[in-house]
Amino acid sequence: MTNDLSRKDKTLGEALRSQGISRRSFLKFCAATASMMALPPSMIPTIANALEKARRPSVIWLSFQECTGCTESLTRAHTATIESLIFDSISLDYHHTLQAASGHAAEAAREAAMEENDGKYLLVVDGSIPLGNPGYSTIAGISNYDMLIDTAKGAAAIITVGTCAAFGGIPHARPNPTGAVSVSDIIKDKPIINVPGCPPIPVVITGVLTHFLTFGAIPELDHLGRPKTFYGQSIHDRCYRRPFYDKGLFAETFDDEGAKAGWCLYKLGCKGPTTYNACATTKWNGGVSFPIEAGHPCLGCSEPDFWDGGGFYKAISIPTENITKTTIYAAAAGVAAGVAIGATGRMKKASANKSHQKVTIDDLKK
Amino acid sequence: MSEASLPQFNIQIGNDLTWNVQPILHEIRHALRKLLETGESSIIDLRSIPLAPGEEETIIDTLGCGEVHAKLNALGPSEIYETRFAGVWLTTHFNEESSVIGRFIEITRFPEILKSQHEDMTISLDQLEQELEHGSLSDQTETDAETNT
């Protein structure tokens, strides 16, 4: 990033031109952006005009209980030019995986960015927040909870990247040993854009950032706080194997004639009908493919509690044990509240342990 | 594992897989009629439509290649050509790693991105004037002339 480009008072258009990027290149960038954001191509001139005038927002990225897969997804994106252009158009002031500074120096950078851009910066969070014990996850001695509360105060909006930050994700899976919760379980007074996925598609992450840059506002969200642009339609509805579902043609095993002919993977546990994400159209690895195209059912990773959905290889029509409902009935039966909560927790843990399933090679062969 | 022991897959490719090939071709037909009757251009983003493996290629093969073929070098290469149907252009944008980042069918007299852009021409005019003012262009011209003689 050059000094010219890092000047925050420049518009994106000015910054790009000072780098020798032509208007024609910028239009190409805008065409790819429109495609990425699933906007109609007729919006290309609007995007160009808005981005031309956009000023670089400060972005603070916090990583809590996570595996770094979301950052990997973004930084190893194949559309390197487009991703880097978008990243050049923001001021990423804190990201402890990517930044050179560490410890107190890094925290000083975060605090400086918060003070300088109070009320205007974007907060990106990946990973869930443990409530069980603050010591489960800390950064520079600060608990994840305290850092989130402190940093969210001056944020214009919060983008949760990945299912862990959006819905609790894998740390939240039964029996949830750290008491992991999502950002929206804690923060109630800021606009939150959930970008779930395990990990999310890189262009969906940058698409949300670009939407904020382009329109200066958060995109339209669904009932789970996800941008409708990317999560508005089910994998099933956009799947190229859908006609086989409609005709009742299913693969019964991973190596039968149906699988070889590319038939629908519904009976092999595909969660496409209940999963809302952009995989079927945006695809992965530079648009090469997505899990269903590679012959594997959708796991439903952009949905809440996908890890506890009853088995990746069970068809969604097969009923699963619903522990939550069982415990609610028990509590409603008149058990004293305090006792009920403790007992419910223990029951949940015991049931979860009991119902915990390990997928074996034999299961895959069934 | 020998190649013979690997399972042989035969994913079917054809217009009947998603049924989206024929509708897109009809959409192009409607857009071409609109261009002729009203002068209004249209763009279709091929990445926004569910297509099975091989179907995008089927559309491209059907449209074929016409008389004009252009290559851009702007943030990575781009390939733009008029298909065998006049007024129907195929634009493919690649990034610097040669991965496709966008593919559009444009129904227009001339794709916008091929035109010289106002901002670029303004910068070019400044640059040309500065180079003439400082004599760098005329010096270069004289040097070239001497070399040729």
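Residue numbers start from 1 in every chain, and the chains themselves are labelled A, B, ... in the order their sequence lines are given, proteins ahead of strands. Here the structure is a predicted model, which is why all the values come from computation and not from measurement.
Applying the 6.0 Å contact sphere to CZ of B:R29 captures more than 12 heavy atoms from other residues, nucleotides or ligands. Counting non-hydrogen atoms of neighbouring residues, nucleotides and ligands closer than 6.0 angstrom, the NE2 atom of B:H118 reaches no more than 12 such neighbours. Heavy-atom contacts from other residues, nucleotides or ligands closer than 6.0 Å to CZ of B:R84 number more than 12.
If you measure heavy-atom distances from A:A280 to chain B, you find no contacts under 4.5 Å at all. For a residue to count as touching a neighbouring chain, one of its non-hydrogen atoms must lie under 4.5 Å from one of that chain's; by this rule A:R238 touches chain B with backbone and side chain alike. No part of B:S42 comes within reach of chain A, as not one of its non-hydrogen atoms sits under 4.5 angstrom from that chain. Of the atoms belonging to B:L46, not a single heavy atom falls under 4.5 Å from chain A.
With hydrogens and angles ignored, the 3.5 Å screen pairs no side-chain donor or acceptor of A:K28 with any backbone N or O of B:N73.
With contacts defined as side-chain heavy-atom distances shorter than 4.5 Å, the pair A:T281/B:R47 does not qualify.
Shown here for A:A31 and B:F104, the closest heavy-atom pair between the two residues is O-CZ, 3.3 Å. When all heavy atoms of B:L114 and A:R24 are compared, the closest pair comes out as O-NH2, 3.1 Å. Across every non-hydrogen atom of A:L27 and B:Q117, the tightest pair is CD1-OE1, 3.3 Å. Across B:D120 and A:R23, no two heavy atoms sit closer than the pair OD1-N, 2.7 Å.
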